[in-house]
Structure formats: structure tokens, C-alpha cells
Protein chains: 2
Amino acid sequence: MKCLTVELGERSYPIWIGPGVRQKLADLLQQAGIAPGRKLFVVTDQNIAPLYLEDTVQLLTEGGYAVHHFIVPAGEEAKSLAIYEQIMTEALTIGLDRKSAFLALGGGVVGDLTGFAAATYMRGVAFVQVPTTLLAHDSSVGGKVAVNHPLGKNIIGAFHQPKLVAYDTNALTTLPPREVASGFAEVIKHGLIWDASFVTWLEENADGLQAFDHELLQAALLRACSVKVAVVSQDEREQGLRAILNLGHTFGHAFEALTGYKGINHGEAVAIGMVAAARLAERLGLAENISERTVRVLRQYRLPVALPVPLDVDEMLDVMRRDKKGEGGKLVFVLPTAIGKVDIYKNIEEEPVRAVLAELYEGGEA
Amino acid sequence: MKCLTVELGERSYPIWIGPGVRQKLADLLQQAGIAPGRKLFVVTDQNIAPLYLEDTVQLLTEGGYAVHHFIVPAGEEAKSLAIYEQIMTEALTIGLDRKSAFLALGGGVVGDLTGFAAATYMRGVAFVQVPTTLLAHDSSVGGKVAVNHPLGKNIIGAFHQPKLVAYDTNALTTLPPREVASGFAEVIKHGLIWDASFVTWLEENADGLQAFDHELLQAALLRACSVKVAVVSQDEREQGLRAILNLGHTFGHAFEALTGYKGINHGEAVAIGMVAAARLAERLGLAENISERTVRVLRQYRLPVALPVPLDVDEMLDVMRRDKKGEGGKLVFVLPTAIGKVDIYKNIEEEPVRAVLAELYEGGEA
Ligand SMILES: NC(=O)c1ccc[n+]([C@@H]2O[C@H](COP(=O)([O-])OP(=O)(O)OC[C@H]3O[C@@H](n4cnc5c(N)ncnc54)[C@H](O)[C@@H]3O)[C@@H](O)[C@H]2O)c1
Ligand SMILES: NC(=O)c1ccc[n+]([C@@H]2O[C@H](COP(=O)([O-])OP(=O)(O)OC[C@H]3O[C@@H](n4cnc5c(N)ncnc54)[C@H](O)[C@@H]3O)[C@@H](O)[C@H]2O)c1
Ligand SMILES: [Zn+2]
Ligand SMILES: [Zn+2]
């Protein structure tokens, strides 16, 4: 069991990673200042509940906590104001107070939703992340919490750092293959934005990682989380540097939005988005020979590298202009300048973006 | 036109108070770092719109801002998740981005609601308070923003400091008498918790203030705001001291909740609550001879000092136990120890509270 620390002054917190971390959850909570006797509100989803809810509740109850739980539907649709309101109603009904803590047991959906509830319940209560997906190595670190609005993803949200992240790699073994791939998209992203040697390591260990070799998995998550931790510790509120974490995301959010957050999941959208970003960078003369290697490593992890359905270019551009990163309707992108290096570009012209998007449907690929 | 500053490091901001402040709004915004050209989203209510919306929009447009507006229903009911969602939808539809600012033109309801929207739109955008009620001298300062939940007032919220507060005392002249009285409840509260000489000054100038003598009004608001500023600058997130601002509020919230946020407005509820707090302090032997003077000064400002309708004591206790200030179902109160001085008491026994509540209905008064 390994520990990283997100350094944010009085908001600093540990990230525990390893097989069996969940068994020590009660101790870890206590260490993080959440004393036994407090009320804990465990939020999870319908897929995760049958697998990990009962024993989690039992472990926490044995640790002396007064544990309540709430099960939301599985999938991106749960990140809505309607479900958020249900969580608030339940929290009030069971009498959670300012000293209570919300605990997200799940992937990025449960984490973002529960975190936003914790951020706004009585103007903010303690929050704990117990990630159960590979992708959640990303979503559980850094304090971005949100729900979606029909007009935009993650548009309603806050910054609310957890008190601790307890990441049990054992819980990853039950993940459906598509979610495994989706999670690797963000792992690869952490290499592509920061550390070329990590990309090489991911290329070399693709088989072992996908076979869930626990040593390799723990090493990959530590390395990927370290990148996120380094970035977030320098720029908690995305005043500058933190934006690099959005490689592939401006594109990706448009793909997700236009398929109703259903057709393409988050990691898949980011994968296709990173391919688009690499091609755009090449087209703009910012980089050379990076899209090919980007495509290759994503394919090694069974990720899509083209749109599985044709999407309207104008609609994609519209969504991208409305993106949170945008200002004054301009197009802003994080683009690679080499493998392991990115930069932020404001005021990108529309034409090259159009050209890249027009070639992104897999039915249209050579 | 006078200026106070809330000192909160990089979140510091000015409070401008005086007749005609609104005329200088565009300049003040620019001074506060909100550059012309930006989108401004003015939120106001149905009563205020016909009085002050058109000229406010015009002043800001002339100042070079791209101004949009949204009108919510008047009254506490507007502080709901449903109206909040409407604001978010509108904000997205008009294309507000991270550099846009939300501007609350109104009383505490519009301020709290708009502030919560600003706090959570794209994880937080700039927010400006243009108070139009006397009570809003309190609500517009300190960064507490919230909406209500059917099970509790202000339960869903955040801390989000404004970039500036522009308080035009001219706008107060159109306030209905009941709202004037309600506003004076919080002015008096700021004296009762901090400054006995301010209470004496309020007693001496009750007539002039209620006749809207502009010099007196500006002086009263400056003094009341100064108390709030001093407290908030020391304890932004209510870790300790800030709780004293809740004098009368634990009681008051119960009165508001049990009359459906309709029968008794916020200031009235706080007034009756401050009487209850004084009586409770006397009953517990914490203070002597303060309830009589508390009652007298509140009456001078035409405020209620007893419940106009009988409320169930058990139901009041239930709501108070659920209050945000409560922990583990215990009763926590801010109680006066003298005029101008209060302290925070946790673990208050139920019996004396019951006794005070039982005598609070005006039909039951001697
Ligand atoms: N806050 C951030 O910084 C951040 C960063 C990246 C992504 N995100 C968000 O994360 C979300 C995607 O996260 P996700 O990919 O984890 O999605 P998810 O939470 O929906 O989980 C994916 C699916 O796997 C199921 N599942 C989860 N754990 C399981 C397990 N151990 N065994 C079997 N099934 C399991 C879930 O029920 C769900 O059906 C998106 O909403 C995205 O916006 C947030
Ligand atoms: N955030 C805080 O720190 C804080 C502090 C105190 C109170 N509050 C909140 O403030 C709210 C009460 O504020 P309020 O008393 O200002 O209520 P309000 O905003 O509802 O205004 C009272 C009434 O006066 C009308 N009005 C407002 N300005 C007017 C004007 N200039 N001329 C004519 N009519 C006008 C409004 O339409 C409304 O009908 C409560 O919801 C309370 O919880 C918040
Ligand atoms: Zn992502
Ligand atoms: Zn108040």
C-alpha cells in the first residue's frame, strides 16, 4: 500500500493505493481526522452496490462509524441535478450535520456527484473518495466535483478537495473490459502531457497491465496519480497549468455531448480527442509525428481512435465554443508539442479544427 | 459614498455605501477587475425589476458591458433548486463563460440565489452584489450563498465572496414598511452582538432612521456592516467567531420553516428569535435584564417580539436540532451575556428552551 500526498496547505490529503486498501478504510478515515462516532454517508451506484457496498458498510460500522448509504443509478445520467437533489433530501432525512462525511464508493460518476453534494451540503462537509474504476485515479484526485446540465457537461460544480482517497486495486478486477480501456485513456493522457518515459513504459507493459498484474497496476496508478498531484498542487483552481489535464477533453466533451453521454464513454471520448489534438497540432505545425504513436498506444489498450458514429462538424464546433475552457466564444485547446509535452493555445482558427473533425469518423478513415 | 473593505487576502473586496452608488456601478466594476466587454448577468426579482432594472442595465451597457438579465419571482420561494436550475439554463443559453460575472440586483433572496449560481457555474465565476433592501446590508457581505430545501433553509450552499458590494441607499426608499422593519432587525443584531454604544445610538435615532434621513441611514449601514466585516475578516468559514452572527437565528429559522417561509419574514423571525435568546440567557443565569431592553429597541423599529401564530414546541425543537449549527442532534445557541456581547453555547438542555418557546406566542403574552 503506497501513499502520495496532494500538497495544498491545510487542504492537503493522502492518496492510498494498493490491493486491500479498503480493508483499512476505518483507520485511514480516523487518521484523516474523521473521528469514529461521526455519521458517514456512503453513496454508490447500482452496479457497485452488490459488489462492494455491504462489506464497506460493515468495515466502517465495525470501525465505530454511524453508516448510512444511498444507491444511485449507474452511468453518466446519475450526474444530474435531479439525483443531486435526491441525495440532499436523503442526507437531511437521516440528519447529517456539519461534522458528517460523504463517502463516494465508485467511479468518476459517483465521485463527481457525491463530491458536489458534499461541497454544497450545509456549505461544505467532509468528503472521502473510494474509487472503484481505473478512470477514477483521475477523477478522485484534485477536487473537481460536478453534475451535468443538459446544455453542458460538468457545468454545475465546485472545487472541493477530499480528506482522503483510498484506492483499492482489488476492486478493479470486476470492471467490465470497456471501462478498463476507458480508464487507461486517462492513464495514457497523464503520460502524454508530462512524461514521455511513462508513455514508453505503458507501451512496454500493455499486456501485463491489461492482465491486471497487481504490481504493474499499482505502479501505473502511482505514476499517473503523481502527474495529477504535481499539476494540482501547483494550480488547484485551474488558473493556468492545470488546464493541461484537459488534453483531448475539449474535443472529447463535444463527442460525449452529441452522443447524449451514452454512445461514447468519457475515456473513449478523451482517447479520440487526444488523436484529434495530435492531428490538429501537426496540422498547425506545432508538432511532428506524434499522432501515429498516439494512435498506436491507444490501440494497444483497446481504445477507439476515431468516431464510431458520424457527428455534425458545426454542432461539434458549437459545443466546443461553449466549453468551460472557452472565453468569449473562442476555441481554446491543449495541444501536444511532442510526446510527453503539451501547451495551451487560445484563439485557434476554425478551419484546421474543421478539417480534423471532418476526418475523424471511422467510416471515413483510409 | 463611503467604502469599507473585507480583508480576506486575495479574496478581499470593497463595500461601497451611499446615495447614488448605483450611478457609478460601471466604474466600480472596472476597479474591481471586471473589465468592460465582459458579459454581465443581472439577476433580479419581479418587484425590483420595474423599479431599478432598466436603468441598471443601461448604466452597465453604457459602461461597455454586454448585459443580460433574468427575473425571478419575488419572495423566499425563489431560493429553490428549481429556480436555480432556470438560472443555470439561462446562463448557458446566453453563453456566459468563466470570465463572465453574475450580478445580484435585489435583497437577500436574490443575493443568496444568484451567489449560489455564481459559486457553482463552471465551478465559480465572479459575483457582484447590488443590494436593494436594508436587510441585504447583512446578506450581501460575507460570502454565504445558498438556496433552501423543503427540509431546511439555506441547507444547499457555498462560500463565495463577491468581487464588490455596491449599496445605493437611494434604492431603499421604495421598500415596503414591513421590509424596512425586517432590515432593521439585522442592524439591531449587529449592535446586540458587538457594540452596546451602537444599540444606544439606534435607540436615540429610531425616528430619523425610519424617516430615511440619508446621513443617518448611511451611518447606520456603515456601522452595521463594519461589525459584519470585522467578524467575517477574522473567520471567513465559520470555524468559530462567525457563529455569533447567528444571534436569534436558530430560533428564527424554526419560525420561518414552520410558517412555510411565508407567515414571518427573515428579519421578523430574527427579531422574535433575539427576544427568545435573551429570555433563554436570563433563564440560564447567563445574563440579567437584557430581554426588556431588547424588546424595547425592536419595538421602536416596529418589529414583532412574539410569535403572531402559535407554533408547536416539539416541531420547533425538531427543526432547531436539524439546524446547520447543530452537531449530533444537540442544541447550540448564540446567547447574549449583556447588551453588545454574546457567546456560543453548545449542549443547551431542552427544558429551558421549551419554557421560553412555550411563552413566545403573542396570544399567550401577559
Ligand atoms: N472530477 C474530475 O477531475 C474528473 C476527471 C475525469 C473524469 N471525470 C468524470 O468521471 C466520469 C467517468 O468516470 P468512470 O469512467 O469511472 O465512470 P462510472 O463512474 O460511470 O463507472 C463506469 C461503469 O463501471 C461501473 N463500475 C464502477 N466500478 C466498478 C467495479 N469495481 N466493478 C464493476 N463495475 C464497476 C459503474 O457502475 C459504471 O457503470 C465522467 O462523468 C467524467 O466527467 C471527472
Ligand atoms: N447570506 C447571508 O449572509 C444572509 C444574511 C441574512 C439574510 N439572508 C437571507 O436574506 C433573505 C432575506 O432578504 P431580504 O429581506 O432582503 O428579502 P427579499 O430579497 O425577499 O426582499 C424583500 C422584499 O422586498 C422587495 N424589494 C427588494 N428591494 C426592494 C426595493 N428597493 N423596493 C421595493 N421592494 C423591494 C423584494 O421583491 C421582496 O418582496 C433570506 O432568504 C435570508 O436567508 C442571507
Ligand atoms: Zn477526463
Ligand atoms: Zn439573518
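Residue numbers start from 1 in every chain, and the chains themselves are labelled A, B, ... in the order their sequence lines are given, proteins ahead of strands. Side chains are part of it too, since the values below use all heavy atoms of this structure and drop only hydrogens, waters and symmetry mates.
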- Contact class of B:T93 relative to chain A, heavy atoms under 4.5 angstrom: both
- Message: Could you measure the distance from the CE atom of A:M122 to the NE2 atom of B:H149? Nearest 0.5 Å is fine.
- Response: 11.0 Å
- Message: Between A:L81 and chain B, with a heavy-atom cut-off of 4.5 Å, which part of the residue counts as in contact: side chain, backbone, both or neither?
- Response: side chain
- Item | Rounded distance [0.5 Å steps], CD1 in B:I156 versus CZ in A:F116 | 9.0 Å
- Query: For B:L92, is it the side chain, the backbone, both or neither that has a heavy atom under 4.5 Å from a heavy atom of chain A?
  - Reply: both
- Item | B:E85 and A:E85: CA distance, side-chain angles, deciding distance, side chain to side chain contact (heavy atoms under 4.5 Å, CB included) verdict | CA-CA 11 Å; B:E85 187 167 6; A:E85 187 167 7; over 6 Å; no
- Query: Can you name the nearest heavy-atom pair linking A:R123 to B:N154, along with the distance?
  - Reply: NH2-CB, 4.0 Å
- Message: I want to check something: taking the side chain as every heavy atom from C-beta on, are B:Y121 and A:I155 in contact at a cut-off of under 4.5 Å?
- Response: yes
- Message: Just checking A:K163: does its NZ atom have more than 12 heavy atoms from other residues, nucleotides or ligands closer to it than 6.0 angstrom?
- Response: no
